[in-house]
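Worksheet: the structure to be examined is printed underneath.
Here is the naming used below: chain letters follow the sequence lines, and residue numbers restart at 1 for every chain.
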Amino acid sequence: MIVRDQKDLNRCINQVSKAKYITYDVETTGLNTRQDKVIGIGCSTSPTTGFYVPLLIWDGIKLQETGLDPRPLLQALKGKRLIAHNAAFDVDQTYHDFNIDLKDDIWADTMLMAHTLDENKYAYGLKPLSKALWGDDSTEEQQIMKQSIADNGGSANEYFKCDMEIMAKYCIKDCQLTFKLYNYFYPQLVDQDLISFFFEEEVMPLYTQVTIPMQRNGIPLDIDLIVESEEQIQKDINDLEDSIMRSLSPHLGDFEDRHLASLYPINDKGVFAQELCRIANLELPRLDSGKYSLAKKDLLKCEEKEGSNIKVLKFLQGGSSSLLSDSLIKDVRYALFRKTGERYVFNLQSKHHLKNLFFKILQVDPISKTDKGNPQVDDKFLDAMAERYDWAEKLRVFNKLNKIKGAYIDRFIRESEAGLFYPSFFQHRTISGRYGSDLQQLPRPYEEGQEVNPLVKKYTNNVRKFFIAGEGHKFIDNDYESLEPHVFAHISGDEGLKNIFRNGDDFYSTIAIATEGLTGVSAKKSDENYLGKINKPLRQKAKAYALGIPYGMGDFALSKNIKIPQNQAASLIKSYKNSYPALTEWMERSEDQCRRMGFVRSEVGRVRHMPNAVELHKQYGPDLIDGLAMWKIYSEDAVIYPEVKAKGREMRKYLNNAKNFQVQSLAASIVNRAAIAINRKLNELGIWGYVCAQVHDQLITRCKSEDAERVRDIVEDIMVNNYKLSIDLKAPAEIGDNFADAH
DNA sequence: CGGGCGAGCGCC
DNA sequence: AAAGGGCGCTCGCCCG
């Protein structure tokens with residue numbers, strides 16, 4: 001039903017007051033909760049009922065208030081078990097518009113239910129889900145809304161211009177659908193023993209207590225520093241480009257002419273013709289748009305004028321392009337190019353142009369290929385080219401600076417809102433239960449003494465300084481110390497691996513010593529003969545395989561990674577596995593579980609569903625991942641063989657993921673649960689503060705300056721003690737003013 | 001002109 | 001013969 005007046009609204013308030021579970025959905029003017037407005041609110045107390053409260057209605061000119069006050073309804077929702085799809089959006093917009101926070105009343109998010117039950121990435125939106133589950137087709141619905149928007153003079157996504165009745169109908173439908181999803185998913189969570197994992201221990205508490213606040217609060221930016229960096233880096237990039245192009249120009253041959261020819265083909269209409277008129281100084285009448293009129297009569301009239309370029313005029317009347325001189329064509333093209341504001345025709349950022357340069361003009365042989373099998377120009381390639389060409393080294397720096405500028409400077413200027421950056425933290429975008437976020441790829445600052453170009457270092461090390469705690473505030477920054485190795489040692493059940501941490505030894509050094517049978521070196525950082533000190537490359541080598549091998553890395557990949565012959569890599573793998581027998585057993589157990597059951601669980605119960613693994617195993621047996629065996633059986637059949645190969649890759653992926661998942665997912669849960677506990681503890685103690693960012697094994701908490709030491713101790717204690725492994729975790733804390741200070 | 005994709009590179 | 005896991009953003013470029 002549509003709420004038409006106060007009496008209707010009172011009835012609805014009465015209805016929700018009696019209900020326990022209510023689905024909630026707001027319709028808004030857009031998707032940015034800071035800038036947009038609620039236009040209506042929908043609720044359902046069952047999959048077949050529901051109401052819509054219109055708040056703003058488009059009258060053809062502007063949004064008119066209906067006069068209905070939603071706040072008594074929102075108050076009635078407090079204390080209820082609210083269910084929503086992508087609830088963060090609905091509660092943030094509600095909070096923004098009405099200052100009533102429903103986040104603690106969110107009982108279930110059906111998007112997260114869907115993800116918990118099927119983490120294999122697909123579209124988790126309401127409509128894609130209902131299509132996948134029940135074949136519901138929403139195209140007609142979309143059509144009707146679009147038509148209504150268009151009828152009311154709106155464009156593409158101006159949903160707020162849709163007829164209120166239509167909006168109401170679909171809002172209620174979405175509420176009902178959300179209810180249906182909840183009823184559909186709940187028993188599945190029960191069946192898979194995921195109820196307490198989902199509702200009590202992790203998914204929903206993380207969502208309401210950590211995810212929603214992190215996204216809603218945003219992080220203060222040092223706008224002055226960002227803007228200053230932008231100006232400086234642009235100048236440095238331009239200088240580099242000038243310098244590179246000075247060296248390069250003599251080599252380019254006719255590349256630029258050919259490229260412009262393809263960009264601006266000869267044409268007697270359009271931009272080419274317009275520019276031609278200008279360059280040839282034709283006295284043609286102008287249209288309202290400022291363009292030259294190319295009407296036949298105007299061209300003919302122009303021919304009669306003294307000094308007119310007859311050849312050009314003939315061309316414009318459909319004559320042959322041979323009427324135009326080469327230099328005139330060139331002038332036109334360069335003039336058009338200059339209008340783009342770009343500095344050089346040869347684009348140093350274009351892979352096409354660079355490939356042309358290296359592989360066609362300079363006749364260099366590629367050293368690697370892309371996944372698609374194309375010759376590759378990447379940083380490694382340019383590094384090799386730097387031995388031959390001085391400009392190639394500059395090009396590497398140019399690339400790095402452009403990356404920093406585009407991804408870490410321009411982006412945060414563009415996306416800042418009133419000095420804040422609102423990061424996204426998605427709980428449904430990874431298989432393992434990590435967050436999917438746009439704030440997890442900030443470049444790590446270079447440390448003192450690391451060999452790197454000074455410009456690259458300068459700008460790289462600036463990026464984390466953009467994110468500031470702000471006046472009167474501090475960040476508490478805790479990184480778990482090698483969390484993944486700790487979790488890995490714990491999960492493998494291998495006492496040898498666990499002892500590394502119990503003894504306080506260095507993980508990679510110990511593994512290097514055990515695997516390679518090294519003598520006369522120590523894995524203790526304090527020792528004179530510490531491996532990391534006296535033979536760093538050997539430790540680095542162990543870094544390449546210590547976790548890679550357990551996750552399924554083969555001899556081929558290892559040999560490539562650390563540049564040793566394949567047979568040596570094979571014996572290294574063998575030796576590693578022999579050194580840690582329980583690890584090897586765990587690897588086999590995990591694969592076996594995957595093949596037999598089609599799923600694995602993390603220690604806290606999160607499920608990795610791989611039902612296809614069972615089918616593949618039934619059909620092809622254990623040899624499916626043995627390329628040689630499959631080749632012997634199927635290579636004769638040109639149709640079947642590629643399919644079998646693809647299935648082999650799929651199976652290998654399952655088997656490797658069965659191992660990696662248990663480690664990565666538990667690590668994620670440890671950090672997630674620490675974050676929940678931190679926010680709860682601070683709340684309980686009445687200390688102002690919250691986790692404002694999570695980067696896989698790192699939590700950044702924001703608090704008042706005067707509480708910094710106290711919060712630091714609380715955070716550290718929770719991170720170390722909140723979830724206990726068979727070995728102790730470490731999470732040393734730093735207090736800082738920005739994201740860079742702690743390192 | 002917007003969407004999708006490949007390539008590259010940033011992170012754990 | 002095929003050969004380690006999980007992500008997100010930007011760019012150029014192609015396509016509809």
Once salt bridge (Lys or Arg N to Asp or Glu O under 4.0 Å) is applied, do any residues pair with A:Asp623, and if so which ones, sequence neighbours excluded?
none
Selection: residues 395-407 of chain A, any non-hydrogen atom under 4.0 Å of DNA chain C:
A:Lys403, A:Gly406, A:Ala407
Output yes when at least one side-chain N/O atom of A:Arg414 is less than 4.0 Å from OP1 or OP2 of C:dT10, else no.
yes
With distance as the sole criterion, is a donor-acceptor pair present between the side chains of A:Glu342 and A:Asn347 under 3.5 Å?
no
Give every pair of a protein N or O atom and an N or O atom of nucleotides 13-16 of chain C that lie under 3.5 Å apart, one pair per line with the distance.
unit_1: C:dC13; atom_1: OP1; unit_2: A:Ser350; atom_2: OG; d: 2.5

Kindly point out which of C:dG4, C:dA3, C:dA1 is positioned nearest to the side chain of A:Tyr641?
C:dA1
On the 0 to 90° scale, with breaks at 30° and 60°, tag the A:Phe507-A:Phe501 ring pair as parallel, tilted or perpendicular.
parallel
For A:Phe488, answer base if it contacts any base atom (sugar-phosphate contacts may also be present), sugar-phosphate if it contacts only those atoms, and nothing otherwise; contact means non-hydrogen atoms under 4.0 Å.
nothing
In this structure, how many angstroms lie between the C1' atom of C:dG4 and the CE atom of A:Met553, rounded?
5 Å
In whole Å, what is the span from the CD atom of A:Gln662 to the P atom of C:dG4?
19 Å
What is the separation between atom OH on A:Tyr422 and atom P on C:dG8, rounded to the nearest whole Å?
22 Å
Check the orientation of A:Phe467 and A:Phe739. Use parallel for under 30°, tilted for 30 to 60°, and perpendicular for over 60°.
parallel
Using only side-chain N and O atoms of A:Lys653, determine if any of them is under 4.0 Å from OP1 or OP2 of C:dG6.
yes
Specify the residues of residues 561-576 of chain A, ordered by number, for which at least one heavy atom lies under 4.0 angstrom from an atom of DNA chain C.
A:Gln566
Using a 4.0 Å cut-off to any heavy atom of chain A, which nucleotides of DNA chain B are the first and last in contact, reading 5' to 3'?
B:dG6 to B:dC12
When you get a sec, tell me which of C:dG6, C:dA1, C:dA3 is the closest nucleotide to the side chain of A:Leu628?
C:dA1
DNA chain C: stems of at least 3 consecutive Watson-Crick or G-U pairs whose donor-acceptor distances fall under 3.5 Å
B:1-12 with C:5-16
May I ask you to check whether A:Ser432 and A:Gln664 show a side-chain donor-acceptor distance below 3.5 Å?
yes
